Q: 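Pasting in a structure now, in structure tokens, and then I'll have a few things to ask.
In this text the structure is predicted, and so the values were computed from the model without any measurement. A note on names: the letters A, B, ... follow the listed sequences, proteins ahead of strands, and every chain is numbered from 1.
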Amino acid sequence: MIASKSNHKISNMDYKKLAELLFPEIDKTPEHYEKVYPERNLPDGAKVTRLGPSPTGFIHLGNLYGAFAGERLAHLSSGIFYLRIEDTDHKREVEGAIPSLIEALDYFGIRFDEGAGADGDKGDYGPYKQSERAEIYQCYAKSLVEQGAAYPCFCTEEELDEIRQEQEKVKANPGYYGKWAKHRDLSFDEIKEKKEAGMEYVIRLRSSGNPEKYFTITDGIRGELSMPENEMDVVILKKTGIPTYHFAHVVDDHLMRTTHVVRGEEWLSSLPIHFELFNVLGFKLPVYCHTTVLMKMDGETKRKLSKRKDPELSLDYYKRQGYIPEAVSEYILTILNSNFEEWRFANPEADICEFEFSTEKMSNSGTLFDLDKLNDVSKETLSRMSAACIYDYLADWAELTDEKKYKVISDKKEMLLKVLDIDRTGAKPRKDLAYCCQIFEFIKYFFDEYFVIEDELPEQVGTDVAKEILQEYMMSYQHSDNQEEWFGKIREMGSRMGYAAKPKDYKKNPEEYKGHVGHVSTVIRIALTGRSNSPDIWEIQQILGQNKVFERIEKYSDALK
RNA sequence: GUCUCCUUGGUCAAGUGGUCAAGACGGCACCCUCUCACGGUGCAAUCAGGGGUUCGACUCCCCUAGGAGAUACCA
């Protein structure tokens, strides 16, 4: 069908012979696989998407970003989201990458309908590991050879190097194509001879593209794209018989009936290759959705996130920091779809799944990862979450990271449930809980094991006065006082000692007072929490209990010299 | 080098020929307030540069610059 214009030394008749010579053991035909993997029977508009990670390391935020897009697209349309492991490069494979990947994604709520799993494949379109699909790729490669659209290439690395050097010398584009493709027009006998001599070879596409000609394609995210046709005789099967990414992508996404290919923008420039491959194989083109890469600030410039350089952005890091998965999802969605924040504002209680995610609303310039924003989104998210729910995450996190913390957290569950709820009910809930690590720091003074005096007395209060305040406070303390009664006493005590009952009065006439109630209450606050800033003291006292209140006040008072 | 994509405040961004160029994060100031947080009000801050097209350009075209990616028997 593409039978080329180049002057092959092989007649059309011989392509079949060549295919047999190259793939004697392949007895299946593309028609066979078409039957085995029929069109999916899904409702109209259902999208089939996939995540195709290579098990070469540990997954980071950038991967989650792409995974999220695919997952949303599929599940919002009653489609299928599956996991395909792209392990065609054994050299780079990292032990244990797959289970850890599945686990990490699961933690962030990304579940697959089918595909590779920790306990084997699920679904009718498998196997879902490319390393187990060799026969299939070879079958399609064979059919390409039969058509004259692919051929064996026996070039060694050295020969390829020579070609490259020659190209550099004459300033030609590097690559294996056109007249540079040494083995493009080998005769059947030459091929047979080399093969029988035991020479290793790869299978290359016999490209019929013309880079002078452009084709257009509509990207789901970027809209209309115009690109030159591919002219490279790219390798489709390596000498091991394993396909390259390009070939595996085309065969798999066709056979697995993927409708939308969501992948990083680093693939954009290979689109011409994929376009030609789809055409030459007679497959229907999926909708491509090229996402932007997640960037990070590196000194003065933006840079793509990298697994090697940015371990602090690995998903595992977030888990260890104790970021709540729902919060991370919220964050990802806010950078994924520009109208998400608006939607969330209008629907504060809605489940994230109700948001109508769309590829058109995806940004197409590099997004910088912003920790401040993540934290803000996280606080917002946690403010809508129940204390019990946060407690569970906190306990899980501690169990994972720190035995001692886990012990105090599980021992004091009842207390913590109250602590986590301080000031969080009502119209204006506190928003100071962001992630477990930070939460623990924030509330640790409730545990004697972690309680320390961190802050100094305010300058308006001398040591003697502080002692006096604490003594008087203990004398008048009634645990059963309500918030108003309790604070009234502090005001009164402060006034008696020369502190303004209202901070405003003090600000107006600072010379008339030693300070204001705020300074008085700070002394008590430090005694009880170790810090000059904390949520409402009355609430803290109610949770701590009368005995603990006295104990801490006394201890602090004694410590003041 | 060649090819492709991208370019609105410090960051994320809305915007598709006529807007005083939204909003969010962060920053600052003030208000509320016993501290912190929350909440409220306000301020500073953006169309990379240059040419066109047009009555009119952030928006369309071209050039330049910058950034990212590809140019592998890696994905």
Q: In whole Å, measure the gap between the P atoms of B:C60 and B:U8 for me.
A: 14 Å
Q: Quick one: label A:E229 by what it contacts on the DNA or RNA (base, sugar-phosphate, nothing), any heavy atom closer than 4.0 Å.
A: nothing
Q: Any idea which of B:C73, B:C38, B:C32 is nearest the A:K428 side chain?
A: B:C38
Q: Salt bridge check: are A:R84 and A:E86 linked by an N-O gap of less than 4.0 Å?
A: yes
Q: Out of B:A37, B:G1, B:C34, which has the shortest distance to the side chain of A:N173?
A: B:G1
Q: Check the pair A:D87, A:Q130 against side chain to side chain donor-acceptor pair (under 3.5 Å), reporting the backbone distance first and the verdict last.
A: CA-CA 6 Å; A:D87 53 350; A:Q130 290 182 331; over 6 Å; no
Q: At under 4.0 Å between heavy atoms, what does A:R531 touch on the DNA or RNA strands: base, sugar-phosphate, or nothing?
A: nothing
Q: Look at the side chain of A:R430 and the base of B:C36, then say whether one donor and one acceptor between them are separated by less than 3.5 Å.
A: yes
Q: When we call it a touch if two heavy atoms are under 4.0 Å apart, what does A:S338 touch: a base, just sugar-phosphate, or nothing?
A: sugar-phosphate
Q: Using modelled atom types and a 3.5 Å cut-off, is there a donor and acceptor pairing between side-chain atoms of A:S378 and backbone atoms of A:N375?
A: no
Q: A:Y245 has an atom OH; how far is it from atom P of B:C74, in whole Å?
A: 14 Å
Q: Keeping A:T156 on the side-chain end and A:E159 on the backbone end, is there a donor-acceptor pair under 3.5 Å?
A: yes
Q: What distance, rounded to whole Å, do you find between the two C1' atoms, one in B:G67 and one in B:A48?
A: 11 Å
Q: What contact category does A:S383 fall into here, base, sugar-phosphate, or nothing, at under 4.0 angstrom with non-hydrogen atoms?
A: nothing
Q: Looking across every strand, which nucleic acid part, if any, lies under 4.0 Å from A:P211 by heavy atom: base, sugar-phosphate, or nothing?
A: nothing
Q: Send over the distance from A:M232 CE to B:C73 P, rounded to a whole Å.
A: 11 Å
Q: Taking CD in A:Q483 as the centre, count heavy atoms belonging to other residues, nucleotides or ligands within less than 6.0 Å. Is the count above 12?
A: yes
Q: Which helical stems does RNA chain B take part in, if a stem means at least 3 consecutive Watson-Crick or G-U pairs with both distances below 3.5 Å?
A: B:1-7 with B:65-71, B:10-12 with B:23-25, B:27-31 with B:39-43, B:48-52 with B:60-64
Q: Among the candidates B:C32, B:G1, B:A70, find the nucleotide nearest to the side-chain atoms of A:K504.
A: B:C32
Q: Evaluate A:Y288 against A:H249 for ring-ring contact (aromatic ring centres under 6.0 Å, His included), listing each step before the verdict.
A: CA-CA 12 Å; A:Y288 283 99; A:H249 149 57; 5.8 Å; yes
Q: Looking only at side-chain N and O atoms, does A:K507 come under 4.0 Å of OP1 or OP2 in B:U33?
A: no
Q: Which part of the nucleic acid does A:P174 contact within heavy-atom distance under 4.0 Å: base, sugar-phosphate only, or nothing?
A: base
Q: Atom NE2 of A:H290 to atom P of B:U4: distance rounded to whole Å?
A: 15 Å
Q: For the side chain of A:S521, counting heavy atoms from C-beta on, which of B:A37, B:C73, B:C34 is nearest?
A: B:C34
Q: Please report, rounded to the nearest Å, how far the C1' atom of B:C12 is from the OH atom of A:Y65.
A: 10 Å
Q: What's the closest nucleotide to the A:T244 side chain, out of B:C73, B:C32, B:C34?
A: B:C73
Q: Rounded to whole Å, please give me the gap between CD1 in A:I221 and P in B:A68.
A: 20 Å
Q: For A:N375 and B:G26, what is the distance between atoms CG and P respectively, to the nearest whole Å?
A: 9 Å
Q: Less than 4.5 Å apart, any side-chain heavy atom of A:L225 and any of A:L268?
A: yes
Q: Suppose you measure atom P in B:G10 against the same atom in B:C6; what distance do you get, rounded to whole Å?
A: 23 Å
Q: Given B:C25, B:A75, B:U4, identify the nucleotide with an atom nearest to the side chain of A:M227.
A: B:U4
Q: Please check the phosphate of B:A75 (OP1 and OP2 only) for any side-chain N or O of A:T88 closer than 4.0 Å.
A: yes
Q: Judged by each residue's nearest nucleotide on RNA chain B, which is more toward the 5′ side, A:P243 or A:I335?
A: A:I335
Q: Less than 6.0 angstrom separating the ring centers of A:F451 and A:F446, yes or no?
A: no
Q: When the P atoms of B:U46 and B:U11 are compared, how many Å lie between them, rounded to an integer?
A: 12 Å
Q: Checking all strands, does A:R344 fall into the base, sugar-phosphate, or nothing category for heavy-atom contacts under 4.0 angstrom?
A: nothing
Q: Counting any heavy atom closer than 4.0 Å, what does A:V235 reach on the DNA or RNA strands: base, sugar-phosphate only, or nothing?
A: sugar-phosphate
Q: When the side chains of residues 516-527 of chain A are checked against the rest of the protein, which donor-acceptor pairs come out under 3.5 Å, sequence neighbours left out?
A:
unit_1: A:H516; atom_1: ND1; unit_2: A:G518; atom_2: N; d: 2.8
unit_1: A:H519; atom_1: ND1; unit_2: A:H516; atom_2: N; d: 2.9
unit_1: A:H519; atom_1: NE2; unit_2: A:Q460; atom_2: NE2; d: 3.4
unit_1: A:S521; atom_1: OG; unit_2: A:V517; atom_2: O; d: 3.4
unit_1: A:S521; atom_1: OG; unit_2: A:G518; atom_2: O; d: 3.0
unit_1: A:T522; atom_1: OG1; unit_2: A:G518; atom_2: O; d: 2.6
unit_1: A:R525; atom_1: NE; unit_2: A:S534; atom_2: OG; d: 2.9

Q: Out of B:G15, B:U11, B:C73, which nucleotide sits closest to the side chain of A:R204?
A: B:C73
Q: Within this structure, what is the NE2-to-C1' distance between A:H90 and B:C73, rounded to whole angstrom?
A: 12 Å
Q: Between B:A57 and B:G51, how far apart are the C1' atoms? Round to whole Å, please.
A: 14 Å
Q: B:A68 and B:C73: how far apart are their P atoms, nearest whole angstrom?
A: 25 Å
Q: Could you check A:L225 against A:F154 and say which one's nearest nucleotide on RNA chain B is further toward the 5' end?
A: A:L225
Q: Can you tell whether the side chains of A:R424 and A:D421 come within less than 4.0 Å, N to carboxylate O?
A: yes
Q: Given B:G39, B:C25, B:C74, identify the nucleotide with an atom nearest to the side chain of A:K431.
A: B:G39
Q: Do the side-chain N or O atoms of A:K379 get closer than 4.0 angstrom to the phosphate oxygens (OP1, OP2) of B:C25?
A: no
Q: Starting the side chain at C-beta, find the nucleotide from B:C5, B:C36, B:C34 nearest to A:N533.
A: B:C36
Q: Could you tell me how far apart A:R491 (CZ) and B:U35 (C1') are, to the nearest whole angstrom?
A: 13 Å
Q: For the ring-ring contact (aromatic ring centres under 6.0 Å, His included) test, which of A:F68, A:F345, A:F340 pairs with A:F355?
A: A:F340
Q: Determine the Euclidean distance between corresponding P atoms of B:G9 and B:G49; express it in Å to zero decimal places.
A: 10 Å
Q: Within the modelled atom types, does a donor on one side and an acceptor on the other bring the side chain of A:R222 and the base of B:C5 under 3.5 Å apart?
A: no
Q: Could you check whether A:Y214 gets within reach of a base, just the sugar-phosphate, or nothing at all, counting any heavy atom under 4.0 Å?
A: sugar-phosphate
Q: If we take the P atom in both B:C58 and B:G1, what is their distance in whole Å?
A: 32 Å
Q: Give the nucleotide from the list B:G15, B:A75, B:C73 with an atom nearest to the side chain of A:E266.
A: B:A75
Q: Do A:R430 and A:D423 sit within salt-bridge range, that is, some charged N less than 4.0 Å from a carboxylate O?
A: yes
Q: Under 4.0 angstrom, heavy atoms only, what part of the nucleic acid is A:D536 near: base, sugar-phosphate, or nothing?
A: base
Q: Which part of the nucleic acid, if any, lies within contact of A:T240, taking any heavy atom under 4.0 Å across all strands shown: a base, the sugar-phosphate backbone alone, or nothing?
A: nothing
